[in-house]
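Notes follow the structure.
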2 protein chains.
Amino acid sequence: MVSRTVYRMQTQTQNAFRALADPTRRDIVQMLAAQDMTIAQLTDQFEMTRAAVKKHLTVLSDGGLITVEARGRERINRLEPKGMAPVLDWLSYFDQFWDDRLNNLKEAIERNKK
Amino acid sequence: MVSRTVYRMQTQTQNAFRALADPTRRDIVQMLAAQDMTIAQLTDQFEMTRAAVKKHLTVLSDGGLITVEARGRERINRLEPKGMAPVLDWLSYFDQFWDDRLNNLKEAIERNKK
DNA sequence: TCAATGAGATACCAAATGGTATCACGAACG
DNA sequence: CGTTCGTGATACCATTTGGTATCTCATTGA
C-alpha cells in the first residue's frame, strides 16, 4: 500500500457513472429520451412509489444527466445530453482497447458542440 | 404504479455499469490498460488492503471487464475489451438523441447571437 | 373558498457495498 | 524438507443505497 493520502472529491465523472449504475435510472434515461416527463408519469411506468422515483431523479440530476423545469405545480424532467460528456470522455481514454463504436459516438457529439 | 411484476435479472449490461460505478475500479481499469498486473502490484497503488482490491477485481470480473490468468502462484489480471461492449451498446442507443439535442442547442445559441 | 392534485422532505428500514482482520493453501526457493 | 510468498476465503463492521410511509406545501379548479 502506498502511503500518500488519496482524497477523492465527488467529480462530475463519478456522479455520472454512479447515476448510470442503477437499472431503474437507466430505464428513466431511456424514457426521457423518448419524451420529457413529470414524476407522476414516470412513476406510472414502475412498480415503486413516487418518493423512490424522486430519489432516482435526484441522483440523475446530481450526475448532470437531467434538468428539471417547473411549470405550474408540475416539474418537467428532461434529459441533458451534455451530462453524458464525462462518461464518454472517460471511455474514450481506452480507444486502443475497445473498438471504434465509441469513437463514432463521441465524434458526433464533438461535431455538434462546435 | 403499474401492476405487472418487473423482475430484473443480472444482465451483463448491469454488471458492467455497476463495475464502472466505483472510482477505485475505474482506476484499476486504467492501470490495467497500461499493463497487466497482479493483485500485489495493484495493491501497491492504493491505500487499501489486498482483500479490498480483490473484491474490486471480483466485481470487475463479474462485469466481464477483466480476465485472470494463473501463472504459477501469481494471478495475472488483464483488461477484457469485449466486456465494454454492453456499455457502449447502451450508450450508442442515444446516439441520435444526443445528436439532435445538441444540434437544437447549437441552433438556439446561433439564433440568440443575431 | 376550499378540496383535489402534483410534488418535496423527512424518518425509518433492510439489503448491498466497501472496507478490515484473519486464517488457509499451494507454489517457490533456500 | 521447511519457510516464505502470493493469493483466496471468510467473518465481521460501518456506511450507503434503494425502498416505503407519511407529512407538508403550493398550484389548480369547481
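Scope of the values below: all heavy atoms of this structure, side chains included, with no hydrogens, waters or symmetry mates. The sequence lines fix the lettering, A, B, ..., with proteins before strands; numbering per chain opens at 1.
The distance from atom CG of D36(B) to atom P of dG6(D) is 18 Å, rounded to the nearest whole Å. Atom C1' of nucleotide dG18(D) and atom CG of L42(A) are separated by 17 Å, given to the nearest angstrom. Here the C1' atom of nucleotide dG6(D) and the CE atom of M37(B) are 15 Å apart, to the nearest Å. Atom CD of E74(B) is separated from atom C1' of dT4(D) by 14 Å (rounded to the nearest Å). To the nearest angstrom, P of dT17(D) lies 13 Å from CZ of R18(B). When the C1' atom of dG18(D) is taken as reference, atom CZ of R26(A) falls 15 Å away, rounded to whole Å. Remark: C1' of dG6(C) and CD of E69(A) are 15 Å apart, rounded to the nearest angstrom. Rounded to whole Å, the distance from CD on E47(A) to C1' on dG18(D) is 15 Å.
Side-chain nitrogen and oxygen atoms of K55(B) include none within less than 4.0 Å of the OP1 or OP2 phosphate oxygen of dG18(C). A close approach under 4.0 Å does not occur between any side-chain nitrogen or oxygen of R71(A) and OP1 or OP2 of dG6(C). Taking only side-chain nitrogens and oxygens, R75(A) comes nearer than 4.0 Å to OP1 or OP2 of dG8(C). For T38(A) and dA7(C), the shortest distance from a side-chain N or O to OP1 or OP2 is below 4.0 Å. Within the structure, every side-chain polar atom (N or O) of T49(B) is placed at least 4.0 Å from both OP1 and OP2 of dG19(C).
The residues E69(B) and R75(B) are annotated as not salt-bridged, no charged nitrogen and carboxylate oxygen being separated by less than 4.0 angstrom.
Put simply, CG on D22(A) and CD1 on I28(A) are 8.0 Å apart, with the number rounded to the nearest 0.5 Å. The CD atom of E74(B) sits 12.0 Å away from the CE atom of M37(B) when rounded to the nearest 0.5 Å. To the nearest 0.5 Å, the span separating CG on L91(A) from CG on L20(B) amounts to 7.0 Å. Going from atom CG of L60(A) over to atom CG of L79(A) covers 8.5 Å, rounded to the nearest 0.5 Å.
A donor-acceptor contact under 3.5 Å links the side chain of R73(A) to the base of dT5(C). A donor-acceptor contact under 3.5 angstrom links the side-chain atoms of R50(A) to the base of dG8(C).
For the pair I39(A) and H56(B), nearest-nucleotide mapping onto DNA chain C gives the more 5' position to I39(A). For A52(B) and I76(A), each mapped to the nucleotide of DNA chain C holding its nearest heavy atom, the one lying further toward the 5' end belongs to I76(A).
Ranking dG18(C), dT7(D), dG8(C) by closeness to the K54(A) side chain, first place goes to dG8(C).
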